[in-house]
Amino acid sequence: MMISSRYAILTIFTILITSNKATTTNIVLYDLRPSTTFSLDDIYEYAHLLGALSGLMNRDIPRLFTIYNDSDLRWLFYMASINWPQDANYMEAASLLDLIKFFSDTIQGVALYDPIVPATSNLASTASGVYNLIPICYRPVPNSLYTQLVVEGPQLPIKINFVDMFTGNITGSSKADAYLWAAEHFLDSKLADSTYLGYYIDKWWSQSAQASQAVFENLAVNHDWIIKNRGFLFDLSPWDDEAPNDDPQQPIGTDYNTLITLLKKSYQQHNGTKFSTVSGFVPWLFKYMNEKHGGVPSEWRMTHIMSAFNVVIDADACCVDSFANAAFFSHYASNQSEKRFIQNVLPSREELIQKEFLNEQNIVSRKTYSLYYAGDYDSAAWLANKFKNLWDDPKRGSVPVAWAVNPNLYDRFPLLHPYLYQTRTANDFFVSGDSGSGYLNPTQLFEPRKFSSLPRADNLWIERNQFFYNKFNIKHTGFVINGDSGMLTNDSDTMYTKFSPLGFTRQQGYTTLGETALIPGTRVPSFTETDLSGKDEVQQVLSYYKPNDVRFVVFRGVLRSASSYADIAEKVQQIQPNITFVDPYTFALLARIHLSGNPAYNDDLVSYVDDNLPNLISTGEYVTVNFSIRNEGWNTLNELDLKLTFACDIEYVFRWNIEIKHGNIGTSCYQFQVKCDQPGEYKVVYQLFRGNTSFEEFGNVPWISSVRLV
């Protein structure tokens with residue numbers, strides 16, 4: 001493969017990381033940055049092609065890495081520092097033709113799309129994932145990708161042709177006709193997997209008046225994750241009261257009705273048995289926003305609709321949302337041996353007394369307890385582009401912070417989570433961001449579900465979050481946002497108690513329970529956030545001080561460094577030392593005691609930190625399994641039972657005789673015979689019991705795993 005001199009910096013990098021070691025992984029580098037100086041048509045089409053190539057070439061193993069912005073270089077050097085992919089041999093493609101030739105064994109041809117109907121660019125991406133094609137725009141002019149790759153050069157065959165295919169004869173909109181055809185062809189047939197949806201601006205970006213000022217916002221490189229997983233892409237307005245600016249002649253409501261049809265078909269594909277994730281966002285910088293509908297209202301409208309169809313949002317929102325290598329990064333998860341990631345231990349009663357937060361009579365000291373929520377990391381793109389620089393701050397650890405990283409982002413960008421857990425300080429704790437394991441409106445999971453009228457999905461949401469919260473040892477939801485869906489309800493609050501036992505923080509103005517309250521009938525505290533904003537944030541924090549009383553206040557920051565939080569805290573405490581900044585779990589434990597008056601509420605808390613239950617078991621086989629449990633509560637654990645339940649209705653009860661003091665980990669070993677009648681995939685649940693009382697009653701989410709019986 002030819003190497004151009006313009007890649008000198010990367011050539012040095014390649015020599016550094018490939019010399020003096022046995023090469024086991026060959027990876028091609030392609031620098032897409034020069035394309036950002038091309039015409040707007042070419043900018044989109046080059047990014048689109050690389051997004052597809054990345055999805056296809058990185059489907060099974062990491063093979064292609066694209067350099068498109070500064071964060072790509074940052075992660076490239078970081079991967080070298082941890083030797084992943086192992087002993088990588090990086091080779092640089094000097095031209096696009098070289099790249100196509102190198103991967104000719106995978107590319108089956110071209111999905112040709114129609115610039116007259118920009119929506120067909122998203123159809124071409126869907127077709128690329130399904131049929132192993134690359135998307136090319138039909139522009140028969142000199143030096144276009146169509147000319148370079150189809151007319152000349154390798155003369156790639158056209159396998160699916162969307163040119164002149166859609167005229168608007170069905171709905172009055174060629175755009176809507178295209179998406180309805182795609183829904184029938186790709187979703188109804190299950191050729192495309194509706195678990196993976198992409199909401200990305202189509203080729204119309206090239207003709208937008210804002211495009212020249214936002215060249216990275218075409219987001220065509222972000223298609224790679226959807227293409228890798230054979231997903232489905234679209235770009236439709238959520239509004240039903242006006243025609244969209246990219247198709248102003250369509251009958252009003254056509255885009256919206258088409259979107260509802262797509263989401264119904266997405267839901268029907270798996271019959272509501274799981275959540276889909278839509279990566280992307282309403283493209284408000286270019287479309288669907290005007291004097292009538294602003295950017296935030298458009299976001300809230302999108303979320304209101306998606307939630308009704310069991311779709312969570314991985315919110316690639318403007319303007320730090322260009323993300324070129326998700327398909328590549330996703331393979332790092334297979335490099336991790338851990339079933340779960342473990343946080344700092346919860347504080348003991350003695351620690352809180354020593355810090356003068358609590359007295360010997362278990363009375364919470366009269367202070368204003370402040371919690372920093374550091375978000376909003378509900379997007380893999382935002383996480384990849386911004387978080388590491390903000391985390392690698394010399395003042396991190398000087399003040400407690402609740403870092404709000406949605407745990408489901410691990411699927412698309414697993415590279416960062418291990419780094420965060422390995423480099424955390426005693427003051428770094430993790431909570432979820434927007435709404436939990438994906439951004440949605442919680443009340444839209446309950447009937448009647450506006451837009452869809454589908455059955456309730458609260459149990460499905462509980463199950464999803466129990467998995468992700470257990471995996472990342474999360475016990476607090478940092479920001480429950482309900483947008484246009486109205487006030488949070490007792491049903492939605494109770495739903496969160498099933499997986500977020502140490503509380504959750506609501507969007508301001510969405511509850512009748514008050515600023516701080518226990519959810520009725522539970523030990524779970526709830527809080528209300530206030531956004532850090534204004535010219536004088538020190539005075540803003542000071543204004544929440546409540547003399548001679550106990551108050552709990554959550555301050556929400558977005559894309560802030562650790563220094564930002566530390567500087568505010570230092571200035572606040574110089575003026576008012578009775579405002580104290582605490583971590584999210586100290587915050588919750590103090591609130592539980594203060595609101596209930598019962599210190600036993602903080603007993604019997606655990607984390608299930610490890611087990612070696614095999615993934616594959618033969619029916620009738622005797623297996624020996626170690627279970628490790630950390631005591632997070634304020635009492636010593638002993639004389640308990642560990643109950644292990646297989647989904648085939650077989651239950652094992654083991655005596656847990658090991659005494660575990662606060663902060664310690666106990667491990668017990670048990671042998672049992674698996675006797676499920678039928679082979680297959682089975683869920684396995686384990687939970688501690690005190691007598692007949694499950695530890696779930698004390699606020700402990702059961703561990704849920706799975707095994708395949710053969």
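Just so it is clear, the structure is predicted and the values come from calculations on it, not from any experiment.
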Worksheet item: Which residue pairs pass the disulfide (SG to SG under 2.5 Å) test when at least one of the two sits in residues 652-710, sequence neighbours left out?
Response: C648-C676
Worksheet item: With Y601, which residues qualify under ring pair (Phe, Tyr, Trp, His ring centres under 6.0 Å), at least two apart?
Response: none
Fill in: salt bridge (charged side-chain N to carboxylate O under 4.0 Å, His left out) involving R424 - partner list, sequence neighbours excluded
none
Item to complete: Could you pull out all residues at least two apart from S607 that satisfy side chain to side chain contact (heavy atoms under 4.5 Å, CB included)?
Response: N473, K475, V609, R630, E632
Worksheet entry | Pairs involving residues 407-497, ordered by first then second residue, that meet disulfide (SG to SG under 2.5 Å) (sequence neighbours left out) | none
Worksheet entry | side chain to side chain donor-acceptor pair (under 3.5 Å) assessment of Y369 paired with T586 | CA-CA 9 Å; Y369 297 93; T586 295; over 6 Å; no
Response to the item:
side-chain contact (heavy atoms from CB on, under 4.5 Å) with N578: of R366, K367, K546, only one passes, and it is K367
Worksheet item: Quick one: does I665's side chain get under 4.5 Å of I660's, heavy atoms only?
Response: no
Response to the item:
Only residue of D603, V345, L605, N635 satisfying side-chain contact (heavy atoms from CB on, under 4.5 Å) with H662 is V345
Worksheet item: Between the side chain of T522 and the main-chain N/O of I519, is any donor-acceptor distance below 3.5 Å?
Response: yes
Practice prompt. Output, in order, the C-alpha distance, side-chain angles, deciding distance and verdict of salt bridge (charged side-chain N to carboxylate O under 4.0 Å, His left out) for E360 and R349.
Written response: CA-CA 9 Å; E360 292 289 351; R349 176 177 176 272; 3.6 Å; yes
Practice prompt. For D376, check salt bridge (charged side-chain N to carboxylate O under 4.0 Å, His left out) against everything at least two apart and list the hits.
Written response: R556
